[in-house]
Undergrad: 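Handing you this structure, nothing more for now.
Predicted model, so just to flag it, every value in this text is computed and none were measured. Whatever order the structure lists them in is the order used to number ligands and atoms, beginning at 1.
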Amino acid sequence: MISTMSATRRAELAENLDLVQARIARACEAAGRDLAEVRLIVVTKTFPASDVHLLAELGVRDVGENRDQEARAKWSECTDLPLRWHLIGQLQRNKVNSVLHWADVVQTVDRPELAEALNTAAERVGRRLGVMVQVALDVPLQSARGGCAPADVPALARYLLSLGHLDLTGVMGVAPLLGEPAAAFTRLAQVAGIVRELTPGADQISAGMSGDLEEAIDRGATQVRIGGAVLGNRPILP
Ligand SMILES: *Cc1c(COP(=O)(O)O)cnc(C)c1O
């Protein structure tokens with residue numbers, strides 16, 4: 001019974017992955033970009049560890065989670081899998097030690113206090129941590145959604161580069177709920193260019209979700225974070 005259910009789920013995930021990969025390939029072609037430049041991160045929040053196992057079997061190598069508690073529990077059931085785990089949700093400073101257990105990359109660094117806390121936690125456990133600067137793309141700026149104001153990104157990037165246990169890999173952004181995603185991704189690409197001038201290795205742009213991956217790839221995204229289009233509808237959370 002269980003194996004029949006898991007075979008059905010595996011087939012569903014395989015089909016969805018194919019569709020998403022075809023969308024990514026078409027978007028790369030339309031933008032004149034090399035497919036190898038764009039990495040798929042499958043956002044597994046609210047879905048069980050059994051799905052993560054199936055995704056790994058199907059070749060997925062990057063997963064994204066937005067809550068420490070949920071992610072850490074799921075990760076502990078998946079430690080045998082060759083996956084990179086990305087934190088893509090807001091992070092409170094009191095969670096950084098926990099995040100160091102499971103996250104390979106924290107994509108949502110948006111303030112110096114958080115950067116400092118992550119560096120201290122990484123140093124304590126003797127490892128390095130990948131980080132990205134989350135850039136606020138709402139106009140006008142709405143701090144509730146998180147993200148560093150574009151004007152403050154160079155200073156935060158410089159600060160991250162001064163910390164010994166963090167590897168700055170690029171910038172991340174979430175298109176505003178309202179308005180044109182393309183305009184937001186254009187602003188993100190401009191900020192990404194400034195960060196890349198500070199440190200050429202920080203060349204990653206994490207942008208684009210199920211509804212706007214084409215616009216993101218057109219504006220230079222090197223990582224797309226796809227949840228619903230691979231895993232199906234998420235239960236509505238309170
Ligand atoms: C949930 C989430 C995603 C995935 O969104 P979908 O619309 O399900 O593809 C991407 N990025 C962030 C930051 C998220 O929280």
Undergrad: Hey, could you give me each pair passing side chain to side chain donor-acceptor pair (under 3.5 Å) that has a residue in residues 200-213? Not counting sequence neighbours.
TA: Gln107-Ser206, Gln204-Thr222, Gln204-Gln223, Ser206-Arg225
Undergrad: Holding to side-chain contact (heavy atoms from CB on, under 4.5 Å), I want the full list of residues that pass it with Trp75, two or more places apart in sequence or in another chain.
TA: Thr79, Trp85, Trp102
Undergrad: Please tabulate, one line per pair, the protein nitrogen or oxygen atoms found under 3.5 angstrom from a nitrogen or oxygen of ligand 1, with distances to 0.1 Å, or say none if there are no such pairs.
TA:
| residue | atom | partner | partner atom | Å |
| --- | --- | --- | --- | --- |
| ligand 1 | 8 (O) | Gly228 | N | 2.8 |
| ligand 1 | 8 (O) | Arg234 | NH1 | 2.8 |
| ligand 1 | 8 (O) | Arg234 | NH2 | 3.2 |
| ligand 1 | 9 (O) | Ser210 | N | 2.9 |
| ligand 1 | 9 (O) | Ser210 | OG | 2.5 |
| ligand 1 | 9 (O) | Gly227 | N | 2.8 |
| ligand 1 | 11 (N) | Arg225 | NE | 2.9 |
| ligand 1 | 15 (O) | Lys45 | NZ | 2.7 |

Undergrad: Does Arg26 have any side-chain contact (heavy atoms from CB on, under 4.5 Å) partners at least two apart in sequence or in another chain, and if so, which?
TA: Ala22, Arg23
Undergrad: Run the salt bridge (charged side-chain N to carboxylate O under 4.0 Å, His left out) check on Glu215 and Arg219 step by step: do they pass?
TA: CA-CA 6 Å; Glu215 288 88 346; Arg219 297 303 192 276; over 6 Å; no
Undergrad: Calculate, to the nearest 0.5 Å, the distance between atoms CD1 and CD1 belonging to Ile88 and Ile41 respectively.
TA: 7.5 Å
Undergrad: Taking CD in Glu113 as the centre, count heavy atoms belonging to other residues, nucleotides or ligands within less than 6.0 Å. Is the count above 12?
TA: yes
